Structure formats: C-alpha cells, structure tokens
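Chain letters run A, B, ... following the sequence lines, proteins first and then strands; every chain starts at 1. In what follows, every heavy atom counts, from backbone to side chain, and hydrogens, waters and symmetry copies are set aside. Just so it is clear, the structure is predicted and the values come from calculations on it, not from any experiment.
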Amino acid sequence: MPQAPLLIVLTGPTAVGKTSVAIEVARHLQCDIVSADSRQFYRELSIGTAAPTDDQLRAVKHHFVGQLSLEDPYDVSKYEAEVLDLLSVLFKKNPCVVLTGGSGLYLQAVYAGMDSLPDSDPRIRQQLREQFENEGIASIRQLLRKLDPDYYSTVDLANPNRILRALEVCMGTGAPFSSFRKSNPVPRNFNTIKIGLDLPRAELHNRINARVDQMIADGLVDEARHFYSLRHLNALNTVGYKELFDFFDGSISLEVAIEKIKTNTRRYARRQLTWFRKDKEFIWCQPSVNEVIECIISLEADGCRSDLLNEQRGNPETEGQAD
RNA sequence: GGUAUCGUAGCUCAGUCGGUAGAGCAAUGGACUGAAAAUCCAUGUGUCGCUGGUUCGAUCCCGGCCGAUACCA
C-alpha cells in the first residue's frame, strides 16, 4: 500500500516570515504552495496584505493567491471544497504540498474539515442583520433561545456574529443549528504535519511595525484610496484598509491611522497565536528554512521527498524574511 | 553656578489632609464550525527616582543626592 500523501501546514502570526520560508521549503520539496490567507485571495489587495511578490509567485507555483475579486462572495466552506479538489490533483503529481497562511479557520477546514451545512440564504442573513441593527442584541438572543435552546446555552451571547450565524441556519433549514454541529474531524486521505513559526514577542512587534511603515512607503494609502467606495465589502473590513478609510473620512489623521494599523496588526497576530496554541499538534520553530526542514525530517515524514530534504541539510544560506 | 517646578504602570497623567495606589492608551490571556486580517470576552502588570530623618506606620511631611524642564546668571 503506497504511503499517504503529506500536507505540510506552515503557519504563524502575521509578519513572522511565513511566505519566504514556505517558498524555500516548497522549492526543496519541488512541490506547490496552497495559500490559506483569507485576504490574499483578493487580487486587488497586494500591498496591504503583504501578498507574495511576482518573483516569489514565479519561484513556486502558488494556488489561492489573487484568485478572487473584492466583490466575489466567498466563505470558508467554498474554500474547503476547492482546496480538497485541488489537493487530489496535486497529490497525483507530488507526494506533498505546502499549505501556508495565517487564517486559522481556513487551515482547519482543510485538515480537519467542517460540518456540512446547507447553503445559507442571503435574504435571511440580511433580514437578521437588520433585526439586530434595529432592535439590538437582546432581540436576536431571544429568537435563538426559541429556535435552538441547546446552542443558546453554550454560545457566546455577547457575540452578534455567532448568534446571527446560528439563526440563519435555523431559519434556513427549519432545524436547530446545533443539530448540524458534529464537531467530528472529517477523514482525509492525506497525512498532515503542523508547523508553527514564532518569534520573541518584541521581535515580532518590531517586524510588524517596520512592515507597516514599508507598506506605507510602497503606496498603501493609494491602494486603499482606490477602494474607498467599496469599503462596505467584507473583503475590505481588513487591517490596513479600514484605518485608512477613517483617514479619508477625515475622522483621524494619517499619522494616527498608521499607528492604528500597527496596533491592530499586533492584536491580530496575538489572536492568531491564541488560535494556533490551542492545537497541541503544532510543532513550533523559528522562521528559519533549516529549522523547518529539520523539523519535517524529525517527524519522519517519509514519502515526502525526504531524500530532497536531506540534500539540503548543512546548506544554511536561505533564511526567512518577508511574510 | 542660582531659583523654581517636576520625577507614580510600557506611555501620558491622576491620587493618597500619612495606613504600600488608579484612569486612558499600549499590553497580556481566552473564545471561535459558512463574515475569521472578522467578531466577542476577560485582565492593572508598580521597590510611587535614590538615600537619610520624623512617625506605630512615609509614595505623601523634612533634609541630602541624582535626573528632567523652565527661568535667572
């Protein structure tokens, strides 16, 4: 029986250096990269999402970078289905694939799967949204208590998004949201190893702050201004853009907007780490190509071209830089 | 060199008529199943500049020292 293919998950907080490490690892393995970055999906956003450069995209075949436009409806379930389809193709050519990006839910959807649910009705979503905005959170809480008392007793009742999501399923299907939530990992026909990159917090913060300054120097203000009229889109409810929209409104200065981008990026990085830490299967290492390769070898990831990896041992020339 | 003011959390500051202190911002921890760079919850982290004195007790009152700022020379 042939060895199952291997998915190498490579993640970590924003700005830690995932992109360049992933590219080097993929080059050594001669495999493709699948991105799990929910904002690099949008082809219009490049500066503010620190998307891979053209050179980087040329160095290794990337998937799920710039495949969407800002107005395209998209969600994690679609992503899961599309990635699984793609992986079945990629694994025919190569025993391994690198999955990299910082969107924890999207990564999880690939390696653990989501409970299957019917598509939601945008009209119901809109109607619930209006009810929440007009009548407040108490109103949608009461509705949830009626339609799904089980979920009501466990959900974070202060979080409108949680409540609204459950309600749209209840109303769209006529069954309680909790009846769909099995929380069982979906079997996959590939193995997964999970590697998290991290740095001392102060160093990560320095990298974040410096990267934001670089984005501004690279023209982030113009990039954001270009999409000011589309600011209502979810794709633009994004660190680096929403703060600049406030600047264009005149409600804050450019200087304050830049500081807020840095602060919100630091907080985003912290939330990412909270998410990843919960999964004890992650192996943590520095954003160094050699450390990551040693890590993959140490996990005895046979079948994933460890012959190629071993050739790279003691060849420490490439270290991660940009994310 | 002289005079004055100030020195409290990472930052900006409040406060204690003497009983070891609290706001904003920053930060930290957590949650998360179809918006996830989203959304939500929780948390004060401190030799109160140093050193003597008075006092049962000093971050607070007094002296000295150090540092900062302003003005005068």
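- Looking only at atom types and distance, the side chain of A:His62 has no donor-acceptor partner in the side chain of A:Asp32 under 3.5 Å away.
- Of the candidates B:rA36, B:rA38, B:rC41, B:rA36 carries the atom nearest the A:Trp275 side chain, counting heavy atoms from C-beta on.
- Regarding A:Met114, its CE atom lies at a distance of 8 Å from the P atom of B:rA35, rounded to whole Å.
- The residues A:Arg231 and A:Asp249 are annotated as salt-bridged, a charged nitrogen and a carboxylate oxygen being separated by less than 4.0 angstrom.
- B:rU39 atom C1' lies 14 Å from atom CZ of A:Arg141, rounded to whole Å.
- Rounded to whole Å, the separation between the C1' atoms of B:rA9 and B:rA21 comes to 11 Å.
- Nucleic acid contact for A:Lys78: none, since no nucleic acid atom lies under 4.0 Å from a heavy atom of the residue.
- At least one side-chain nitrogen or oxygen of A:Tyr106 sits closer than 4.0 Å to the OP1 or OP2 atom of B:rA36.
- Under 4.0 angstrom from either OP1 or OP2 of B:rC32 there lies at least one side-chain N or O belonging to A:Lys278.
- We find that CG of A:Asn206 is positioned 13 Å from P of B:rA27, with the value rounded to whole Å.
- We find that CZ of A:Arg270 is positioned 13 Å from C1' of B:rC40, with the value rounded to whole Å.
- Residues A:Phe227 and A:Tyr241 place their aromatic rings such that the two centres sit no closer than 6.0 Å.
- Of the residues in residues 226-238 of chain A, those placing a heavy atom less than 4.0 Å from an atom of RNA chain B are A:Asn234, A:Asn237, A:Thr238, in numerical order.
- The shortest distance between the side-chain N/O atoms of A:Thr274 and the OP1/OP2 oxygens of B:rG29 is not below 4.0 Å.
- Put simply, CG on A:Asn161 is 10 Å from P on B:rA36, counting in whole angstrom units.
- Here salt bridge (Lys or Arg N to Asp or Glu O under 4.0 Å) pairs that include residues 83-109 of chain A, with residues two or more places apart or in two chains, number zero.
- Donor-acceptor pairing under 3.5 Å is lacking for the side chains of A:Asn94 and A:Gln30.
- The nearest whole Å value for the distance from the CD1 atom in A:Ile163 to the C1' atom in B:rU39 is 11 Å.
- The side chain of A:Arg277 contributes an N or O atom lying less than 4.0 Å from OP1 or OP2 of B:rG29.
- Here A:Arg165 does not reach the OP1 or OP2 of B:rA36: none of its side-chain N or O atoms lies under 4.0 Å away.
- Ring to ring, A:Tyr79 and A:Phe41 are close: their centroids are under 6.0 angstrom apart.
- Using a 4.0 Å heavy-atom cutoff across all strands shown, A:Gly240 reaches no nucleic acid atom at all.
- Heavy atoms of A:Phe177 sit under 4.0 angstrom from primed sugar atoms or phosphate atoms, though from no base atom.
- Listed by residue number, A:Arg125, A:Arg129 are the residues of residues 123-140 of chain A with a heavy-atom contact under 4.0 Å to RNA chain B.
- Going from atom CG of A:Leu273 over to atom P of B:rA31 covers 12 Å, rounded to whole Å.
- Secondary-structure stems of RNA chain B, taken as three or more successive Watson-Crick or G-U wobble pairs (i with j, i+1 with j-1) under a 3.5 Å distance threshold, comprise B:1-7 with B:66-72, B:10-13 with B:22-25, B:27-31 with B:39-43, B:49-53 with B:61-65.
- Checked by distance alone, A:Arg39 brings no side-chain donor or acceptor within 3.5 Å of a matching partner on the base of B:rA36.
- Evaluation of the salt bridge (Lys or Arg N to Asp or Glu O under 4.0 Å) test over residues 4-14 of chain A, restricted to residues two or more places apart or in two chains, returns none.
- Summarising the geometry, the separation between CZ on A:Phe41 and P on B:rA38 is reported as 15 Å, rounded to the nearest angstrom.
- Using a 4.0 Å cut-off between charged side-chain N and carboxylate O, A:Asp37 and A:Lys18 make no salt bridge.
- No side-chain donor-acceptor contact under 3.5 Å links A:Ser179 to the backbone of A:Ala175.
- Remark: the separation of the P atoms in B:rU16 and B:rC32 is 45 Å, to the nearest Å.
- Taking only side-chain nitrogens and oxygens, A:Arg201 comes nearer than 4.0 Å to OP1 or OP2 of B:rG29.
- Residues of residues 243-269 of chain A that place a heavy atom closer than 4.0 Å to RNA chain B, in numerical order, are A:Thr263, A:Arg266, A:Arg267, A:Tyr268.
- On the C1' atoms, B:rU8 is 10 Å away from B:rA14, given to the nearest whole Å.
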